[in-house]
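If you read the sequence from its start, that first residue is 1, and numbering goes on from there.
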Amino acid sequence: MDSKEEKCKKDLVIRLRKIEGQVKGIEKMIENGACCKDVVIQIAAVRAGVNKIGGLMLENYAKDCVSYNNICTIGDESREEKVDDLITTLMMFVK
């Protein structure tokens, strides 16, 4: 694994740990009877964090697995399958 991949992986893990902390914070807010508005704001922050990680993963997937160089070296049928797989993955993410 090169240093770029290692840095990306480390960044994703840091983001996930931050989200984990936010979720635990929300749990405590609910247990302590915090204002609904404050809880909803924290939930929105968690969703934004998860969406950011998903976007970064999709970017990596597109660049690494369906890159121009990667897709040009395979046959038409395999190329179509890779593009279909990318579209399916994108659709799962946006649901």
Those residues that, when tested against R47, pass side-chain contact (heavy atoms from CB on, under 4.5 Å) (two or more places apart):
none
Are the side chains of K7 and D11 in contact, using a 4.5 Å heavy-atom criterion?
no
side-chain hydrogen bond (donor to acceptor under 3.5 Å, both in side chains) partners for E59, two or more places apart:
K63
Applying side-chain contact (heavy atoms from CB on, under 4.5 Å), name anything that partners A48, two or more places apart in sequence or on another chain.
none
Got a second to check how far L56's CG is from L12's CG, nearest 0.5 Å?
6.0 Å
For N51, which residues count as a side-chain hydrogen bond (donor to acceptor under 3.5 Å, both in side chains) partner, sequence neighbours excluded?
none
May I ask you to decide if K28's main-chain N or O and N32's side chain share a donor-acceptor pair within less than 3.5 Å?
yes
Restricting to side-chain contact (heavy atoms from CB on, under 4.5 Å), what partner residues turn up for E27, sequence neighbours left out?
E31
Residues at least two apart in sequence or cross-chain that pass side-chain contact (heavy atoms from CB on, under 4.5 Å) with V13, listed by chain then number, are R17
hydrophobic_cluster_shared for F93 and V50, side chain cutoff 4.5 Å
no
Got E5 and N60 here, is their nearest side-chain heavy-atom distance under 4.5 Å?
no
Could you pull out every donor-acceptor pair under 3.5 Å between side chains of residues 84-92 and any protein atom, sequence neighbours left out?
from : atom 1 : to  : atom 2 : distance (Å)
D85  : OD2    : Y61 : OH     : 2.4
T88  : OG1    : D84 : O      : 2.9
T89  : OG1    : D85 : O      : 2.8

Share the residues that join I14 in a hydrophobic cluster, the rule being Ile, Leu, Val, Met, Phe, Trp or Tyr side chains under 4.5 Å apart at the heavy-atom level.
none
Between side-chain atoms of residues 36-44 and protein atoms elsewhere (two or more places apart, or another chain), which donor-acceptor pairs fall under 3.5 Å?
none

